[in-house]
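Throughout, protein chains are lettered first and strands after them, A, B, ... in sequence-line order, and every chain is numbered starting at 1.
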Amino acid sequence: MRRTAGLAAASAAVLLAAGCGGGGPSGSGDSKLTDDKIVLGVLNDQSGVYADASGPNSVKAVEMAIADFKAKYGDKAITKNISVESADHQNKPDIANTKAAELYDRKGVDAIFDVPTSSAALKVADVAKAKKKLYFNITGATTALTGASCNKYTFHYAYDTYMLAHGTGTAATQQGAKNWYIVYPDYAFGQDMEKKFSAAVEGAGGKVVAKDATPFPNDNFSTFLLKAPTLNPKPDTLGTMQAGGDLVNLVKQYNEFKLRDKGIGLAVGLMFLTDIHSLTPAALAGTTYTDAWYWNFDQQNREFADRFMKETGTRPTFAHAANYSAAMQYLEAVQAAGTDDADKVVAGLEGKEINDVFLRNGKIRAEDHRVIHDAYLAQVKPASEVKEPWDYVKVLKTIPAAEAFAPPSAECKM
Amino acid sequence: MTGFLQHTFDGLVNGAFYALLALGLAVIFGMLRVVNFAHGAFYMLGAMGAYVLLAELGVPFWWALVIMPVVLGVLGMALERAFVHRLAQLDPLYNFLLTFGLTLILQDLVKSRYGVQSIPYAPPAELNGSVDFGLFDFPTYRVFVLVFAVAICVGVWWLLTHSRVGMVVRAATERPELTRAFGINVGRWVTPVFGFGIALAGLAGVLAAPMRAVNPLMGSDLIIVVFAVVVIGGLGSIFGSVAAGFGIGLIQAWGVVYLADWPILSQTLVFIVMAAVLMWRPAGLFGREEAPA
């Protein structure tokens, strides 16, 4: 009996509250937030191949952003009721689709962050568009997010295939890599990377001697590695578009066949700090790649990395820093707009120029919502130069924001 | 020509892994009529175990090569007694589901302790160089893998043909009812044979650690090809599994090089061969049609 009574009372209270909120101004004064709170959603891979590069630590990064936002604004903050919801999409587009809808509809999420794996990233863009809620993609690589699939509520934050391919392909060719042998995994990401990479190499005056599609996933790259020195002309650089476990396989075997000693350097399409950590810097020494951010680049980054280390026990990858930055910029935009109304927040973000711990010379392009910023051509240090754990990379060159990303695509119709 | 020899050699090294894994699957299937779906997970445990031994206990590669197969063999026997055995009388599908579930559990246990990122494991220093074959040179470690795997396969073949245990296993594989009728206790060999098959998978895992990415999922991709190998060789055929293992390694290596312009073809070559073999000889190249009951 008591229980029924309690339930009835609770339902009445809920009805009452709902009535209130719908009708007049809500209880806590002048706040214009739905439910009087802000909820940030992190949708990513919590236990699969991208779990270390992004995963649970990206949730931590978003929590750090919330704490910093509250500390910055104190009592002036639009609300102190800010929380994080996270979900695991297992890198599957259909699961990403369902989870995104669930986050927006049932968990009251105002903006979704992260979402690795291009196919899943694109699905979530559709959900954001349909629900008219914000979506900051961090770890998806496809340029379609700001191309054919672009929409008003989707922002592409950290990097994309153009940035990776253009950065490494162009810069490495200019620095002396003339003849390339490119291997790429035979699925959407790899095929896209290969096209953009070949274009960048040829655009910079280099030559793609040969390119081979490899099975995905694949644990044996030896045939391709044996083939490399026999090509004519002999390539001076092996460009690999492999990622994750496949990249580890390829690099192990590249070292086994001693291709570097045979005059064939290594350039990697996509690599996270965690990949270098798992392969050990000695196995990758001299390898060049494009990084969206590096934790030991300057004092500002390092301070963030120190705090991140305290929270998580590891150094942040660019994905972690970008999640932090995107969450912070979203909260700032809500604060500035005085509301979490998606259209008003988007209006405040479009065209905004930003400098923060992740974005340097950053700008949110209004045309396609590509967030452009400086990128970095990085090289893995020889083991003798590694002075502390996780400090594996030196930045060879900063690629200015305007060059790092492709101009807005004609395919994007907002 | 040099290129051809190099790729042939490379194909044999890759085939060595298929052969070792397929051999284990074949003895288990032959004796128990169980398709061990967890074979890839034990391969992974072999590699992960080698890593744990080295990183946490300082045990070098050579000892891991002995310790891991023994440890996993014992684990395999325990699993056979505890689970596989109980389902043996039921539809084969039950053991199929059991070993599949076991795979997921083992993978996730390893994941929860060591994460998903690949773990570094360097080849032993003695095998770090390369061997000069005149026309070409080849990493020493790979030469070792090939020689070692061939030795194991020959050893197992000798055991099966020359020892009493081997004769019982062969007889039980081909005519289980008849073997029992001769008063031979087939049952008591079931558990050790299962353990032995698992030990071979573990051994392949230790061998893979220095040259492949070591992570919880390393077995799940490989095992698909290994099943194709077993089907091509003939389910339960010892010789067939080894021959098909090396053969598929060769076909893959040649395919990648000589069909480079048709990646779709070179990547699916194994399965095209499998389909062709199944149409021509449904029991596999060296398999026998099951005797009518």
Side-chain angles (χ1 to χ4, degrees), chain A residues 45-53 55-56 183-187 190-191 210-227 229-231 242 244-253 255-258 261-262 272-284 314, chain B residues 2-3 5-7 9-11 13-15 17 108 111-112 115-123 127-130 136-142 208-222 224-225 249 252-258 260-264 266-270:
Chain A
D45 175 9
Q46 297 272 319
S47 63
V49 285
Y50 300 122
D52 284 3
V183 289
Y184 61 98
D186 208 2
Y187 69 108
Q191 292 155 353
K211 50 194 174 192
D212 276 319
T214 68
F216 171 77
N218 184 24
D219 51 20
N220 182 37
F221 289 96
S222 45
T223 9
F224 304 102
L225 298 169
L226 282 170
K227 185 176 162 183
T230 66
L231 291 166
Q242 265 70 25
D246 275 15
L247 178 66
V248 175
N249 265 317
L250 185 132
V251 172
K252 260 190 168 178
Q253 292 160 21
N255 284 320
E256 221 189 323
F257 284 95
K258 308 210 183 308
D261 298 346
K262 291 178 183 160
F272 289 94
L273 185 64
T274 38
D275 293 322
I276 309 176
H277 186 68
S278 82
L279 273 161
T280 72
L284 281 159
T314 74
Chain B
T2 310
L5 286 176
Q6 247 178 331
H7 290 299
F9 205 82
D10 179 53
V13 173
N14 206 32
F17 286 95
D108 275 16
K111 252 193 219 176
S112 64
V116 288
Q117 200 78 34
S118 301
I119 294 163
Y121 190 94
L127 300 179
N128 224 342
S130 38
F136 62 92
D137 58 340
F138 216 78
T140 314
Y141 184 76
R142 284 180 186 244
M211 55 185 271
R212 289 183 174 173
V214 179
N215 62 48
L217 300 175
M218 64 186 288
S220 58
D221 305 322
L222 183 64
I224 299 171
V225 177
Q252 268 190 331
W254 290 334
V256 167
V257 182
Y258 300 107
D261 295 335
W262 301 279
I264 294 178
S266 70
Q267 287 163 28
T268 47
L269 206 53
V270 178

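- The part of B:D137 that comes within reach of chain A is its side chain, from C-beta onward, which places non-hydrogen atoms under 4.5 angstrom from that chain.
- Every residue meeting the side chain to side chain contact (heavy atoms under 4.5 Å, CB included) condition with A:D246, not counting sequence neighbours, appears here in chain and number order: A:F216, A:P217, A:N218, A:F221, A:Q242.
- The main-chain N or O of B:V256 is never found under 3.5 Å from a side-chain atom of B:S266 such that the two would form a donor-acceptor pair.
- Listed options B:G115, B:P263, B:P120 were ranked by heavy-atom pairs under 4.5 angstrom with chain A; first place goes to B:P120.
- A:Q253 places a side-chain N or O within donor-acceptor distance of the main-chain N or O of A:D219, the cut-off being under 3.5 Å.
- Proximity to chain B is absent for every atom of A:K211, based on heavy atoms less than 4.5 angstrom apart.
- Most heavy-atom pairs under 4.5 Å with chain B: of the set A:T230, A:D275, A:V251, A:N255, this distinction falls to A:D275.
- Only the backbone of B:P210 has a heavy atom closer than 4.5 Å to any heavy atom of chain A.
- The minimum heavy-atom distance between A:G245 and B:N215, with the atom names listed, is CA-ND2, 4.4 Å.
- With a 4.5 Å cut-off on non-hydrogen atoms, A:D52 touches chain B through its backbone and its side chain both.
- When the ring pair (Phe, Tyr, Trp, His ring centres under 6.0 Å) test is applied to B:F9, the partners found at least two apart in sequence or on another chain are B:F133, B:F138.
- Shortest non-hydrogen contact noted between A:S278 and A:V248 is OG-CG2, 4.0 Å.
- Among A:L247, A:T214, A:T280, A:L250, the residue with the largest count of heavy-atom pairs under 4.5 Å with chain B is A:T214.
- Using a 4.5 Å cut-off between heavy atoms, A:K227 touches chain B through backbone and side chain atoms alike.
- Of all the listed residues (B:Q252, B:R142, B:M211), the one sharing the greatest number of non-hydrogen pairs under 4.5 Å with chain A is B:R142.
- Checked by atom type and distance alone, the side chain of A:D45 never pairs as donor or acceptor with a backbone atom of A:G55 at under 3.5 Å.
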